[in-house]
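For reference, the structure discussed in these notes is given below.
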Amino acid sequence: MLRIYNFARGARGLRVVWLCEEMGLPYQLETLPFPTPAAYRALNPLGTVPFLEDEGGVAINESIAMLLYVAQRYGPTSLLPAQDDPRLARVLQMTVFSEATIGAGLNPLMAAHFAAPEADKRNWSVRVIEDRVKQALAYVVGMLGPHPHVAGADFTLADIAVSTAMSMWRGALGQALPDPLSAYQERLAARPAYQRAQAMNSR
């Protein structure tokens, strides 16, 4: 059985729980305190979350790697198009974009917001990174266009990945989303699998 380690309400771990709920996969969620205990750091020397263990000695961090691993290992699933499906490129692009572009900006912004001295919370680098995240969100608006999901008509891994990144921007940092992305978030939050995952992740 999949075992997922996360902080309570951790958005990146929610990605993996949400995917399991969408696919109907059994999993065990282990909620960790902060800072993480020594026993956990023996499993994951970085001490970060999320972290995933599976049968056969699989033990990985990086939430995007987890999404791709679970979808491929326990698929096929409509959440990850087949190799010959032209939608695959867009799904992979936007799934990685959620961390490589949006998430890469969120990490220093959250560090500044929660840990920096007051004089540094709005320094030059923070303002530059905020602008970059806003540009990335505008790009997502363009990718959505008239479609309900970032890869077109169908819900995919990319929506799980992008939506949870936007939740950190809005929830942890208190930033506003453009109207199309607010409506997009509301649509995804209505999915039963998301609601089950959110309930599990809040325990």
Side-chain angles (χ1 to χ4, degrees), residues 1-80 91-92 94-100 102-104 106-107 110-111 113-114 149-150 155-174 184-203:
M1 178 185 293
L2 291 164
R3 179 174 295 169
I4 303 162
Y5 297 84
N6 197 27
F7 296 137
R9 296 175 295 280
R12 288 180 169 99
L14 175 63
R15 286 173 169 156
V16 189
V17 176
W18 186 0
L19 174 60
C20 290
E21 291 288 351
E22 291 282 355
M23 293 180 66
L25 299 176
Y27 63 91
Q28 182 176 342
L29 181 61
E30 302 281 352
T31 302
L32 295 169
F34 181 83
T36 53
Y40 175 70
R41 293 194 300 275
L43 292 174
N44 176 17
L46 287 174
T48 56
V49 296
F51 187 70
L52 181 142
E53 290 184 306
D54 194 12
E55 297 175 358
V58 171
I60 58 174
N61 50 32
E62 298 298 337
S63 61
I64 299 306
M66 295 177 204
L67 294 183
L68 295 171
Y69 168 76
V70 171
Q72 293 179 62
R73 170 69 177 81
Y74 293 97
T77 170
S78 61
L79 300 173
L80 182 64
V91 171
L92 292 176
M94 295 307 294
T95 300
V96 173
F97 178 86
S98 72
E99 271 302 292
I102 302 176
L106 294 177
N107 288 341
M110 288 192 289
H113 182 76
F114 292 108
H149 303 104
V150 293
F155 177 81
T156 67
L157 286 186
D159 297 294
I160 293 175
V162 168
S163 174
T164 47
M166 294 192 307
S167 294
M168 288 185 277
W169 172 252
R170 184 172 63 177
L173 294 171
Y184 168 68
Q185 290 282 74
E186 289 175 8
R187 289 196 303 273
L188 297 188
R191 295 181 68 86
Y194 172 83
Q195 294 175 6
R196 292 193 300 271
Q198 185 74 290
M200 284 291 296
N201 202 48
S202 298
R203 293 181 179 177

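- Between M66 and R15 there is no side-chain heavy-atom pair separated by less than 4.5 Å.
- Residues forming a side chain to side chain donor-acceptor pair (under 3.5 Å) with Q185 (at least two apart in sequence, or on another chain): S163, S167.
- Side-chain contact check for D54 and Y74: at least one donor-acceptor pair (N or O, by modelled atom type) lies under 3.5 Å.
- Nearest heavy atom pair, residue P50 against residue S63, reads CG-CB, 3.9 Å.
- Here the closest heavy-atom approach between residue I64 and residue A161 is recorded as CD1-CB, 3.9 Å.
- Atom CZ of R196 is surrounded by more than 12 heavy atoms from other residues, nucleotides or ligands within 6.0 Å.
- Using a 4.5 Å heavy-atom cutoff, the side chains of H149 and R187 are not in contact.
- Side-chain N or O atoms of E53 include none that pairs as donor or acceptor with a backbone N or O of I4 at under 3.5 Å.
- Between Y40 and F51, the two ring planes are perpendicular [angle over 60°; tilted spans 30° to 60°].
- In plain terms, the two heavy atoms of C20 and L2 that are nearest each other are SG-CD1, 3.8 Å.
- Partners of L92 according to the side chain to side chain contact (heavy atoms under 4.5 Å, CB included) rule, which considers only residues two or more places apart in sequence or in another chain, are L68, L80, L88.
- Taking all atoms of both residues into account, the shortest heavy-atom contact from A11 to M168 is CB-CG, 3.5 Å.
- At distances below 3.5 Å, not a single donor-acceptor pair connects side-chain atoms of R41 with backbone N or O atoms of G47.
- Each of W18, Y184, Y194 was scored for a ring pair (Phe, Tyr, Trp, His ring centres under 6.0 Å) with F155, with one residue passing: W18.
- A donor-acceptor pair under 3.5 Å links the side-chain atoms of S98 to the main chain of T95, judged by distance alone.
- Contacts of Y27 classified as ring pair (Phe, Tyr, Trp, His ring centres under 6.0 Å), with partners at least two apart in sequence or in another chain: none.
- Look at R191 and E22 and you find a salt bridge, because one of the NZ, NE, NH1 or NH2 atoms lies within 4.0 Å of a carboxylate O, short of that distance.
- Within the 4.5 Å cutoff, no side-chain heavy atoms of V16 are placed close to those of N6.
- Closest approach of L43 to P45, counting heavy atoms only: O-CD, 3.7 Å.
- In plain terms, the two heavy atoms of A165 and L106 that are nearest each other are O-CD1, 3.3 Å.
- In this structure, the side chains of I102 and W169 stay at 4.5 Å or more apart for every pair of heavy atoms.
- Exactly one residue among V162, T77, V91 makes a side-chain contact (heavy atoms from CB on, under 4.5 Å) with T156. That residue is V91.
- With a 6.0 Å radius and a threshold of 12 heavy atoms from other residues, nucleotides or ligands, E62 has its CD atom at or below the threshold.
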